[in-house]
Amino acid sequence: MAELHSALSIDRVTKTYGAATALSSASLVVKPGEMVALIGASGSGKSTLLRLASGLVLADPGSGAIRLFGEKVQENGRLSARVRRARARVGFIFQQFNLVTRASLYANAMLGSLGQIAPWRGVTGSFPNDVRKRAMDALERVGVADHAGKRAANLSGGQQQRGAIARALVQQARAIFADEPIASLDPVSARRVMRLLAELNAQDGMTVVVTLHQVDYALKYCRRAVALKAGQIIYDGPISGLTRERLIEIYGDEYRDVMDESVRA
Amino acid sequence: MSLLLRLLVLISMALAAPAALAQERERIVFSVISTEQTEAVEALWMPFVQAMEEETGLDVELVSAIDYAGVIEAMRFGQVDVGWFSNLSGLQAIRLADAEVFAKTLYPGGQEGYRSVILVRNDSPLQTLDDLLVCDGSLSFALGDPNSTSGTLVPLAYIFAPRGIDPQSCFAQVTNANHEQTALAVANGFVDAGTNNTTNLDRLAQTRPEALAGMRILWSSPLIQTDPIIWRRDLPEEIKSEIFSFFLTYGFRGDAEQRTREQAVLETLFLGGFLPATDEHLLPIRRLELMRDLAETQASEALEEGERAARLEQIELALRELAVEERRVAVRELAADMTEARTRLATDEAGASADITRLVAEFLAAQPRIEVERRIRRATTGEITRGLLGLGAGLTLFAVMMIRSRPPRFGPSRLLSDRLIDAAIWSGLFGLLIWSFWPAEMFKFPLLGTNAPRMGEYIAGFFQLDLDGWEVYARQTLITVQIALWGTVVAVIAAIPFGLMASRNIAPVWIVQPVRRLMDAFRAINELVVAAIFVAAVGLGPFAGVMALALHTTGVLAKLFSEAVEAIDDGPVEGVRATGAGPMNEVVWGVIPQVIPLWASYALYRFESNTRAATILGLIGAGGIGQVLIQNIRSFEYGKTATILLIIIAAVTAVDLISQMLRKRLV
Ligand SMILES: Nc1ncnc2c1ncn2[C@@H]1O[C@H](COP(=O)(O)OP(=O)(O)OP(=O)(O)O)[C@@H](O)[C@H]1O
Ligand SMILES: [Mg+2]
């Protein structure tokens with residue numbers, strides 16, 4: 001069943017903010033089980049694309065459909081009535097974690113179940129036992145079970161980000177969209193988070209779409225790259241296709257100097 | 001989180017429950033107006049009320065209030081059935097509350113009325129009414145409560161209206177207070193002269209003879225009728241009959257022993273019994289009221305000429321109608337007198353025929369003339385000048401600001417639209433301030449310096465603490481805190497949904513706008529007015545106070561709550577939304593945890609200020625320390641007032657400390 005549908009399909013979607021075009025008529029298909037790096041210069045539209053995919057922003061009228069595992073998120077600039085079902089299938093990881101900082105890490109993990117349980121259970125905080133168990137298991141798996149009872153606000157960025165991944169696990173998501181998940185983390189925490197995403201992709205067959213600023217991380221962990229420039233997809237292919245020339249095309253001429261400097265170092 | 005919500009649900013259920021216990025009424029409520037401590041008044045009236053219960057077989061509840069307005073409202077909505085009113089408040093009661101006069105009081109000596117007087121100190125230079133009415137703004141004058149017959153209306157109708165004098169512009173200062181306070185204010189030299197009545201002077205002779213001895217009467221009015229006893233027209237006839245016979249026989253029934261006992265009770269109440277009466281009892285007061293309206297309409301500066309003419313015409317009409325009724329009464333009395341005189345004709349021919357001629361002449365002479373004087377007032381140029389001055393000041397500042405902000409030779413220049421808006425805001429504010437300078441009497445500012453010693457004198461009065469009865473004050477303060485507590489909790493519960501609905505980032509604009517306007521209205525309406533509205537439903541007492549506080553506070557908190565919600569970080573909301581959660585859960589998990597610390601602070605802060613606000617509600621008989629405080633302020637009991645204020649400060653401080661602790665826990 002899952003194999004019938006793409007994990008993500010975007011069909012000629014445009015998004016403008018006033019006069020600025022964040023994404024122009026982009027189309028993209030991601031198959032289940034893929035691990036895709038979304039790269040591009042600042043302002044090229046990476047976040048916009050991911051947020052459109054989860055229905056957190058609306059595309060311009062006239063845009064085609066966006067689907068997650070066959071379930072429509074939005075079309076023609078209008079949210080689908082079933083958007084919440086679609087969202088429930090994908091865990092979203094934010095650069096700024098976006099946890100409920102005053103709640104414990106444990107409670108945050110349980111929030112992953114909100115798309116599946118009765119609304120009153122969520123509102124009153126009476127989560128079913130299997131959710132509670134799943135939350136503990138997930139925290140264990142991402143390695144922050146020791147901090148389960150602490151408020152998210154009191155934890156480090158790396159710990160919070162792993163809590164966010166635990167939330168996606170409790171959600172029993174079939175895909176993870178991560179928008180610069182490691183941009184605010186130190187190198188060690190960053191590596192942990194990337195390894196965790198790679199492990200979920202390899203062992204659990206989760207689809208992962210991750211936007212990255214560090215090209216080396218993309219080269220190391222992903223098999224497919226999608227590159228955006230000024231709202232347009234200018235490369236979509238194997239990660240190995242990111243040659244020196246391509247990267248200069250993606251990031252602009254100055255990237256030449258960046259690479260030269262790092263070689264010299 | 002979930003605990004908090006469950007608690008809220010429980011509390012709202014607890015709130016709703018008492019409503020189910022609506023009670024059947026097989027009792028009547030009897031109200032008396034008093035200027036003194038509630039408990040003392042109730043103690044005085046107890047024997048009378050008990051006798052009423054025995055005689056009528058009804059459950060009689062006594063309520064005493066310091067203000068007429070609340071009682072009239074209560075009567076209007078069936079919360080008071082029988083009441084002792086003043087003439088003017090009685091008139092309002094029969095107009096507003098569908099009530100009627102059935103009896104009138106007599107004074108201890110059996111007199112059917114009293115006289116209004118103006119008091120001055122023995123050592124006052126004022127010797128005649130003309131001395132008082134120099135109207136050079138050098139004297140201060142104390143009138144009674146605005147609704148008081150002898151304290152306000154009679155002096156206005158007999159002294160001020162006929163001379164075309166507006167007390168407000170005649171005197172440096174005009175205060176309104178009850179009889180007791182005005183008497184003490186005159187005796188203590190706080191005002192140069194004040195109104196009063198002979199009944200209150202008799203009472204003063206017993207309670208504060210030293211105060212009375214220090215004053216003399218500058219002027220006294222013609223006889224004013226006694227107070228009416230009024231009942232609701234829709235009382236069942238049997239009940240009316242029971243009450244009627246009780247009032248009219250009390251003090252004059254049974255054996256000698258019973259009569260003595262009841263006369264003793266009447267004496268403590270400064271009464272000489274009751275006589276039957278009808279609404280005709282209020283005819284003189286209607287005349288007084290119309291005279292007052294007439295004077296006010298003629299003197300008012302706020303009226304525009306067309307409006308003034310229309311009102312004068314109305315007053316004239318009302319006076320004509322009144323004259324017809326007055327004539328009916330007068331004719332009836334004339335007929336009786338003539339019959340009596342004619343029967344005397346047989347025995348005392350000369351005397352009787354002289355009497356007959358005199359009766360007719362007097363009758364004709366007493367017939368009121370309706371001559372409404374239409375005084376034309378020149379529109380004062382003052383208002384226009386002030387408006388122009390404000391406008392000029394604003395425009396000047398505007399020009400200065402525009403010139404000062406013109407593009408500089410170096411550095412970035414600002415957008416023209418930004419400069420215009422800035423200049424408009426500041427110059428508008430400045431112009432507004434200039435325009436408001438005179439109406440707000442800001443020119444009196446220097447007086448603060450020159451008259452500082454007087455303020456010191458006033459404040460010094462507070463340093464003579466009078467600790468008598470502090471336990472009573474403490475207990476009443478506790479009640480006030482309890483009123484504030486419930487008022488705040490009810491408001492918090494209501495403000496949560498309203499606050500969310502008033503947040504632009506949560507609710508659509510067609511919900512946000514109406515809810516905000518509703519909250520504006522809740523905030524704008526004074527707690528006292530709201531309390532009066534609730535009195536209609538729940539009667540006088542603390543609960544009306546709770547609801548008044550709750551409504552007002554809901555308006556305040558909903559606004560503050562929504563501002564907190566609008567300032568949240570969208571991140572956590574999106575985090576929750578991205579899991580596929582519904583809107584309720586987005587709010588509960590994405591929004592509320594972010595705003596809880598602020599909300600809690602706001603709620604606790606409001607609890608503190610409600611503790612203060614609850615004191616004011618004492619005015620409408622909402623119980624608590626406020627009622628006691630106002631009574632003491634009104635009778636110039638500085639020492640007691642200071643004690644009460646100290647206790648209130650202590651209570652507010654305690655509330656503040658507790659809420660600080662709570663805040664730390666919650667944040
Ligand atoms: N809420 C918004 N309002 C206005 N413009 C926006 C908004 N969000 C994004 N944009 C614009 O859309 C364009 C694409 O932004 P987007 O955030 O998708 O870029 P990005 O590739 O994620 O950049 P970065 O690497 O810096 O995160 C940018 O020009 C940005 O200024
Ligand atoms: Mg981005």
Side-chain angles (χ1 to χ4, degrees), chain A residues 50-51 53-57 68 71 73 79 82-104 107-127 151-153 160 163-164 167-168 170-173 176-177 179, chain B residues 1-13 493 496-497 499-501 505-509 561 564-565 567-603 662-667:
Chain A
L50 278 191
R51 293 165 60 76
S54 286
L56 295 177
V57 288
L68 295 173
E71 197 75 77
V73 174
L79 277 186
R82 299 167 68 85
V83 63
R84 286 172 46 205
R85 246 167 216 277
R87 280 182 189 143
R89 296 178 184 185
V90 176
F92 207 106
I93 313 287
F94 301 83
Q95 178 183 345
Q96 294 307 332
F97 328 128
N98 288 1
L99 297 181
V100 178
T101 49
R102 286 175 51 78
S104 66
N108 268 288
M110 289 196 293
L111 293 188
S113 68
L114 287 179
Q116 292 143 37
I117 59 176
W120 70 266
R121 282 189 167 274
V123 166
T124 57
S126 333
F127 292 98
R151 276 189 181 179
Q160 288 195 49
R167 181 169 70 187
V170 173
Q171 202 176 328
Q172 296 175 320
I176 287 184
F177 292 170
D179 189 8
Chain B
M1 217 18 258
S2 66
L3 197 72
L4 182 79
L5 278 160
R6 264 175 244 149
L7 203 68
L8 288 187
V9 171
L10 263 178
I11 293 171
S12 27
M13 272 160 47
I493 292 171
I496 291 174
L500 290 169
M501 284 192 284
N505 54 344
I506 301 267
V509 100
F561 281 11
V565 169
I568 58 166
D569 172 15
D570 278 338
V573 184
E574 287 192 337
V576 173
R577 184 178 303 157
T579 65
M584 283 290 284
N585 275 303
E586 273 180 34
V587 168
V588 168
W589 291 101
V591 177
I592 301 218
Q594 292 194 61
V595 293
I596 275 285
L598 261 183
W599 281 13
S601 297
Y602 290 148
L662 284 176
R663 214 171 320 195
K664 278 209 195 101
R665 271 307 296 153
L666 280 168
V667 173

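All chains are named by letter (A, B, ...) in the order of the sequence lines, taking the proteins before the strands, and each is independently numbered beginning at 1.
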Top contributor to chain A interface from B/M584, B/E574, B/Q594 [non-hydrogen pairs under 4.5 Å]: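 Heavy-atom pair counts peak at B/E574.
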Matching residue for A/V100 among B/V573, B/V588, B/V576, B/I592 - test: side-chain contact (heavy atoms from CB on, under 4.5 Å):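 When B/V573, B/V588, B/V576, B/I592 are each tested with A/V100, the side-chain contact (heavy atoms from CB on, under 4.5 Å) holds only for B/V576.
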If you count heavy-atom pairs within less than 4.5 Å of chain B, which of [options] leads?
| options | result |
| --- | --- |
| A/L111, A/V90, A/N108 | A/L111 |
| A/S54, A/A173, A/A168, A/P119 | A/P119 |
| A/Q171, A/R84, A/Q116 | A/R84 |

Exam field: side chain A/R87 to backbone B/G580, donor-acceptor pair closer than 3.5 Å: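 A pair under 3.5 Å: no.
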A/A103 backbone acceptor or donor facing B/W589 side chain under 3.5 Å: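 It does not hold such a pair.
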Residue A/R85 excluded, over 12 heavy atoms near CZ under 6.0 Å: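 Counting other residues, nucleotides and ligands, CZ of A/R85 stays at 12 neighbours or fewer.
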Proximal component of [X], with respect to chain B [non-hydrogen, under 4.5 Å]:
| X | result |
| --- | --- |
| A/R167 | side chain |
| A/L99 | backbone |
| A/Q96 | neither |
| A/V83 | neither |

Taking every non-hydrogen atom, the tightest pair across B/G575 and A/F94: CA-CE1, 3.7 Å
